[in-house]
Amino acid sequence: MRKLQFLAQVLAGLTIGLTVWATVAPARATTVIRAGSELDYPPFAMVTADGEAAGFSVELMRAVADAANLEVGFRVGPWSEILAALRAGELDALPFVAITPARAGTLAFSVPYVTTYGAVFVRAEGPAIAGPADLAGRRIAVMQDDVAHDYVRRQDWGAGIVAVPDLATAFRQLAAGRHHAVVAPRLQGLLLLQDAGIEAVMPLDADLPDFRLDYAFAVKRGNDELLAELNGGLALVMADGTYDRIYQAWLPSQSPAGVPRETVMMAALGALATFLLVLAAMYWRQRRLVAAVTARGNELARLAERLEQARRAAEKAYAEERALLRVLPDRMFRLDPEGRYIDWHTPEGAAVPQDERLRGKRIDEVLPADIAEAAMAAFRRATETGSVETFEYVLPGPTGRSVALEAKIAPIPDGGALAVVRDVTIARDRETRLARAADAVAEASAAKSRFLAAMSHELRTPLNAIIGFSDLMRQEIYGAVQPAKYAQYVEDIHQSGSDLLALINNVLDLSKIEAGKAPLREEPLDLAEIIAQRVRILRPLAEDQGTRLRVDLPPGLPRLLADQLQVQQMLLNLLSNAIKFTSDGEVRTAAGPDSRGGLTITISDTGIGMTEEQLAHLGEPFYQANVGLARTAGGTGLGIALVTEMVAAHGGDIRFESEPGIGTRVILRFPPERVLTDDAWPAERVYASGGAFRR
């Protein structure tokens with residue numbers, strides 16, 4: 001009776017299908033589908049010598065496609081690659097896919113046509129493994145991204161899972177002793193061992209619990225039309241004996257295993273009949289909805305793509321998070337609302353390691369009492385106020401040396417907190433060393449200042465006598481100097497003494513500025529007048545050099561709040577330098593507001609210029625860019641250093657631009673707060689030293 005009922009269903013389904021097919025056939029063209037096949041999964045999927053797909057599942061799909069009026073082309077590749085291609089929409093179908101809940105999220109499956117069960121394969125001479133319970137801590141080989149891979153990852157067997165590209169490789173490595181076991185479908189495993197002639201590997205008698213594999217055709221979820229056609233074609237090849245012929249050709253030594261054929265055919269025929277009826281109804285009654293359905297399908301496809309992109313982004317973010325945790329030098333602890341340790345991450349080589357004894361304990365049960373009190377207080381403040389709390393503490397390290405730690409506690413939504421603990425021992429040691437070094441530098445600077453002050457007194461006393469008496473002799477107040485050659489000696493003595501005194505004064509000035517002991521005597525300055533005065537003083541020196549002095553100042557140049565003596569010294573040093581290194585050329589002085597609202601003084605010359613290397617050292621005390629010329633023209637190498645310190649004391653800066661043989665340009669820049677206007681500076685203002693002012 002059951003067989004008669006089954007045949008009646010088959011005939012009814014075929015009758016409906018053929019009737020509707022005949023109705024819509026003129027408008028239906030042959031569909032070409034793209035299928036994928038594995039490289040090495042015999043006898044179900046393999047590649048021939050000329051690179052073509054072959055195997056039981058490949059031949060079955062070709063027969064099903066032919067029965068459903070489809071054309072199929074195969075792309076071969078590793079299992080993980082073709083599975084990813086199907087999910088990405090690059091392929092339309094795969095012929096041999098195990099049905100799992102995880103895959104059902106992205107794939108849709110035909111009626112299963114082969115069923116097998118998982119088994120554990122071991123070496124005959126390997127360690128004693130009687131069942132799944134003996135696999136804990138063992139090296140277990142599985143095929144990459146296969147259902148066995150997913151199954152093993154769900155078991156509590158430890159981290160000894162080794163994923164390989166294909167089962168043949170896994171069995172060869174097992175036979176060579178590189179693994180303790182291989183987990184794979186029993187039917188495929190037996191066929192592979194028989195085909196490869198590996199006799200040293202055998203399956204355990206017992207099947208793995210919850211490891212039943214139903215194999216079917218797979219399409220991307222949402223491709224219902226293709227799935228219905230594959231189901232219908234599968235019913236036809238089972239009904240006309242094609243399935244049995246293909247099975248015997250590829251699996252002659254295996255008894256048929258799988259879902260009852262009647263169930264397969266009834267389900268497939270029902271699906272085909274439903275599909276054809278819906279297709280006919282859509283063709284005759286809902287033709288106007290095609291555009292809407294197409295648009296909806298495109299929208300769903302876009303949504304699916306966005307979901308897939310989000311999934312990939314989430315997986316990437318998770319992988320990046322795990323990688324970040326591996327390289328972060330910080331410990332991280334997750335605490336529950338009561339301050340108990342839930343989980344933690346400890347970097348490799350941490351000075352204070354953690355272990356499982358922390359789990360479930362409160363902070364005050366782990367840390368010393370004084371540290372625990374501060375930690376619990378910070379934890380409560382963080383969870384109550386939502387702020388990030390920071391505190392530091394010291395623990396003894398494993399070597400007996402104290403370890404300085406900095407903890408940051410931040411609340412998390414479940415009421416607990418996340419604590420990030422960083423080892424700051426090296427940083428604190430560095431800070432201590434830097435503080436000591438700073439103290440040493442300060443002491444050295446103070447000692448230098450004391451030394452210079454003492455030396456200035458000791459040197460100036462004899463220098464004043466030398467300069468004074470030599471000046472009397474130069475002026476011949478007490479009679480002529482005889483013989484005449486002594487007059488030149490006296491002149492040299494007076495000049496050398498004056499130069500030495502100027503050097504001592506420059507050194508002291510530089511030392512005072514660096515030590516912050518040279519307060520600014522600020523007042524509003526007429527910069528145009530100061531520039532004109534310095535130019536008048538230096539004009540004789542320029543004429544001796546054959547150098548032209550030029551001043552370009554705009555009308556209404558604003559006043560400058562600055563120390564007059566220092567501004568005069570800066571201009572004198574820069575102008576004399578420019579004249580000294582410019583013969584038969586021109587030195588130009590310009591000033592005016594800049595784009596920031598400050599004031600800029602520019603001194604440019606057409607002299608010998610400097611190289612980039614010389615510019616890099618300019619401003620260093622006693623550095624002379626052109627030693628030979630400096631010796632001839634005079635100079636100590638302190639002029640630019642003094643200018644640099646003086647303009648910095650005014651909050652400004654100095655910049656040099658130069659090119660050998662072309663000339664040099666020096667730019668002094670004063671900040672906007674030092675530029676004065678007549679309206680902004682009434683007469684009642686009183687200026688204080690140090691750069692501040694008050695009414």
Which heavy atom of I82 sits nearest a heavy atom of S37, and at what distance? CD1-C, 3.5 Å

Carboxylate-amine/guanidinium contact R306 E299, below 4.0 Å: no

Does the K220 side chain pair with the main chain of L107, one donor and one acceptor, at a distance under 3.5 Å? no

Does atom CG of D210 have more than 12 heavy-atom neighbours, drawn from other residues, nucleotides or ligands, at distances under 6.0 Å? no

Is it the case that the side chain of E90 and the backbone of L86 share a donor-acceptor pair, with hydrogens and angles ignored and the cut-off at 3.5 Å? no

Less than 4.5 Å apart, side chain to side chain, heavy atoms only: is that true for L227 and F109? no

D423 side chain vs D330 backbone, donor-acceptor pair below 3.5 Å: no

Provide the closest heavy-atom pair for E38 versus F96 in the form atom of the first, atom of the second, distance. OE2-O, 4.3 Å

Please confirm whether Y113 and F217 have ring centers closer than 6.0 angstrom. yes

Is a side-chain donor or acceptor of R34 paired with a backbone partner of G89 at a separation under 3.5 angstrom? yes

Might you work through the side chain to side chain contact (heavy atoms under 4.5 Å, CB included) test for W250 and L60, ending with a clear yes or no? CA-CA 10 Å; W250 289 98; L60 180 61; over 6 Å; no

Which atom names give the shortest non-hydrogen contact between F379 and G416, and what distance separates them? CE1-C, 4.5 Å

Closest non-hydrogen atom pair, V142 against A148: CG1-O, 4.1 Å

What distance separates F74 CZ from L94 CG, expressed to the nearest 0.5 Å? 9.5 Å

Of all the heavy-atom pairs spanning I409 and A417, show the shortest one and how long it is. CG2-CB, 3.7 Å

Please walk me through it: do L226 and D92 pass side chain to side chain contact (heavy atoms under 4.5 Å, CB included)? CA-CA 8 Å; L226 177 58; D92 300 312; 3.9 Å; yes

Take F211 and V152 through the side chain to side chain contact (heavy atoms under 4.5 Å, CB included) test and state the conclusion after the steps. CA-CA 10 Å; F211 194 164; V152 171; over 6 Å; no

For the pair D146 (side chain) and H149 (backbone), establish whether a donor and an acceptor sit closer than 3.5 Å, ignoring hydrogens and angles. no

Do side-chain atoms of T169 reach the backbone of P165 as a donor and acceptor pair under 3.5 angstrom? no

Hey, is D214 close enough to R212 for a salt bridge, meaning N to O under 4.0 Å? yes

Identify the two heavy atoms, one from E406 and one from V424, that lie closest to each other, and give their separation to 0.1 Å. CB-CG1, 3.8 Å

Indicate yes or no for a side-chain donor-acceptor contact from H180 to the backbone of R139 under 3.5 Å, with no hydrogens or angles considered. yes

What orientation do F44 and Y41 show, parallel under 30°, tilted 30 to 60°, or perpendicular over 60°? tilted

Any side-chain to backbone donor/acceptor pair from R422 onto L405? Under 3.5 Å, distance only. no

Please report the C-alpha distance between E308 and R311 in whole Å, then the side-chain angles of each, then the deciding distance to 0.1 Å, and finally whether the salt bridge (charged side-chain N to carboxylate O under 4.0 Å, His left out) criterion is met. CA-CA 5 Å; E308 178 64 16; R311 182 191 65 79; 2.3 Å; yes

For side-chain hydrogen bond (donor to acceptor under 3.5 Å, both in side chains), just list the numbers for R221 and T106, CA-CA rounded to whole Å, side-chain angles, deciding distance to a tenth of an Å, and then say yes or no. CA-CA 5 Å; R221 177 165 290 280; T106 56; over 6 Å; no

Could you tell me whether a side-chain N or O of R138 sits under 3.5 Å from a main-chain N or O of D134, the two making a donor and an acceptor? yes

Given side chain to side chain contact (heavy atoms under 4.5 Å, CB included), test L335 with I342 step by step and report yes or no. CA-CA 6 Å; L335 307 170; I342 301 174; 6.0 Å; no

Tell me whether E59 is salt-bridged to R62, with the criterion being a basic N under 4.0 Å from an acidic carboxylate O. no

Does the structure place the NZ or CZ of R359 under 6.0 Å from the centre of the six-membered ring of W344, at an angle of no more than 45° from the ring's axis? yes

Just by modelled atom types, is the L187 backbone N or O under 3.5 Å from a matching donor or acceptor in the T116 side chain? yes

Give, for atom CD of Q155 and atom CG of D150, the distance between the pair rounded to the nearest 0.5 Å. 11.0 Å

